[in-house]
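Written out below as structure tokens is the structure these notes cover.
Every number for a ligand or one of its atoms is a count from 1 in the order of the listing. Only this structure's heavy atoms are used, side chains among them; waters, hydrogens and symmetry mates stay out.
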Amino acid sequence: MRNLIDIMDLSVEEIDGLIDVAQDIVENPDKYTEKCKNKVMATLFFEPSTRTRLSFESAMYGLGGSVLGFSDAGSSSTTKGESVSDTVRTASIYSDIVVMRHPKEGAPLVASYSSECPIINAGDGGHNHPTQTLTDLFTIKKEMGRLTDLTVGFCGDLKFGRTVHSLISALSRYTGIKFVLISPDELKLPGYIKDGVLEKNGLTYTETKDLDGVIGELDILYMTRVQRERFFNEEDYLRLKDSYILTSDKMKHASKDMRVLHPLPRVNEIHVDIDDDPRAAYFRQVRNGKYIRMALVMKLLGV
Ligand code: NCD
């Protein structure tokens, strides 16, 4: 039984294969409408979500399957004191695949030990978010035509941003990637990624606070939201929340071929004026999230 807890659970060949299937789904959707007929997905969201949960559910319906679950742990037996393991084990008895999001780092891994079916990590605290990474990789491949030889800027909350951690790990296995880490001192990339992924693999990276100074060098600008829910105090959040605001003026200094990605939700960090700029890829990214999740669900269900 195969789970997806960490993006490194998939080899580069498997990721490239998922991207090919996702592209085939875009081109030939009719081929896939019955692939998961009679299969059930449970979506267990112990933390808020819009895109991740809806894209998984939309993916399962698109494959002819059905969905059950909860989007608010307050309506589950968690409020009675049930453990995550028991809740997930129960859901796995009623379903063929479980998608779960939890505020605690490592919760999906722990849950996988008691689950009777495959588990997908849909975000665990400030740790990992492997299916957003699949979405990001599919988007980069579609927009740029390649996943190699790119200068990728990560901007904003690199400390708590789980999508950043997973995407950096994934990109570390492709050749010719230069990482530009743009954040305030307080929100720098954690040591376990900087040392454990970038340094360990001898990858090229720079750290800066200055988005304007580097925007002209980037092929991809990956913007992120400051993760309010992971802060210990509101004062720090308020001080840091508007560290970066991407405006049309700033975009004038970027290459005409650069793409702006954002896992969303955005708060203030991208001005809405940019939404119509052809370089703004974040709503195309939302769409891509459905197709790559369809490919993933089929793979883990072995269909
Ligand atoms: C992200 C997440 O939940 O980590 N959202 C998403 O899944 N697309 C990013 C965020 O919440 O800022």
TODO: Please determine if R51 has a nitrogen or oxygen closer than 3.5 Å to a nitrogen or oxygen of ligand 1.
DONE: no
Task: Residue, atom name and distance, where the atom is the protein heavy atom closest to atom 5 (N) of ligand 1 - done: L264 O, 2.9 Å
- [ ] Do me a favour and list the nearest non-hydrogen protein atom to atom 8 (N) of ligand 1 with residue, atom name and distance?
- [x] P263 O, 2.9 Å
Open item on the list: Assess the residue pair F179 and L189 against the criterion (side-chain contact (heavy atoms from CB on, under 4.5 Å)); give the C-alpha distance rounded to whole Å, side-chain angles, the decisive distance to 0.1 Å, and a yes or no.
Closed with: CA-CA 11 Å; F179 298 85; L189 194 68; over 6 Å; no
TODO: Evaluate the criterion side chain to side chain donor-acceptor pair (under 3.5 Å) for residue pair Y237 and D157; output intermediate values, then yes/no.
DONE: CA-CA 11 Å; Y237 170 72; D157 188 347; over 6 Å; no
- [ ] Taking only heavy atoms of R225 into account, list the atoms of ligand 1 that are under 4.0 Å away from them.
- [x] 10 (C), 11 (O), 12 (O)
TODO: Using distance alone, determine whether T163 and ligand 1 share an N or O pair under 3.5 Å.
DONE: no
Open item on the list: Which residue and atom name correspond to the protein heavy atom nearest atom 3 (O) of ligand 1, and how close is it?
Closed with: R162 NH2, 2.8 Å
- [ ] Work out whether the distance between some heavy atom of R101 and some atom of ligand 1 is less than 4.0 Å.
- [x] yes
TODO: Answer yes if I15 and L203 sit in the same cluster of Ile, Leu, Val, Met, Phe, Trp and Tyr residues linked by side chain heavy atoms under 4.5 Å apart, and no otherwise.
DONE: yes
- [ ] Answer yes or no: are there more than 12 heavy-atom neighbours, outside R89 itself, under 6.0 Å from its atom CZ?
- [x] no
TODO: State whether the number of non-hydrogen atoms from other residues, nucleotides or ligands found under 6.0 Å of Y94 atom OH is greater than 12.
DONE: no
Task: Contacting atoms of ligand 1, where contact means under 4.0 angstrom from a heavy atom of Q132 - done: 6 (C), 7 (O), 8 (N)
- [ ] Report yes if some N/O of P265 lies less than 3.5 Å from some N/O of ligand 1; otherwise report no.
- [x] no
Task: Test log, rule side-chain contact (heavy atoms from CB on, under 4.5 Å), inputs R162 and D124 - done: CA-CA 8 Å; R162 56 194 175 195; D124 62 324; 5.6 Å; no
TODO: Report, as yes or no, whether the 6.0 Å neighbourhood of atom CZ on R287 holds more than 12 heavy atoms from other residues, nucleotides or ligands.
DONE: no
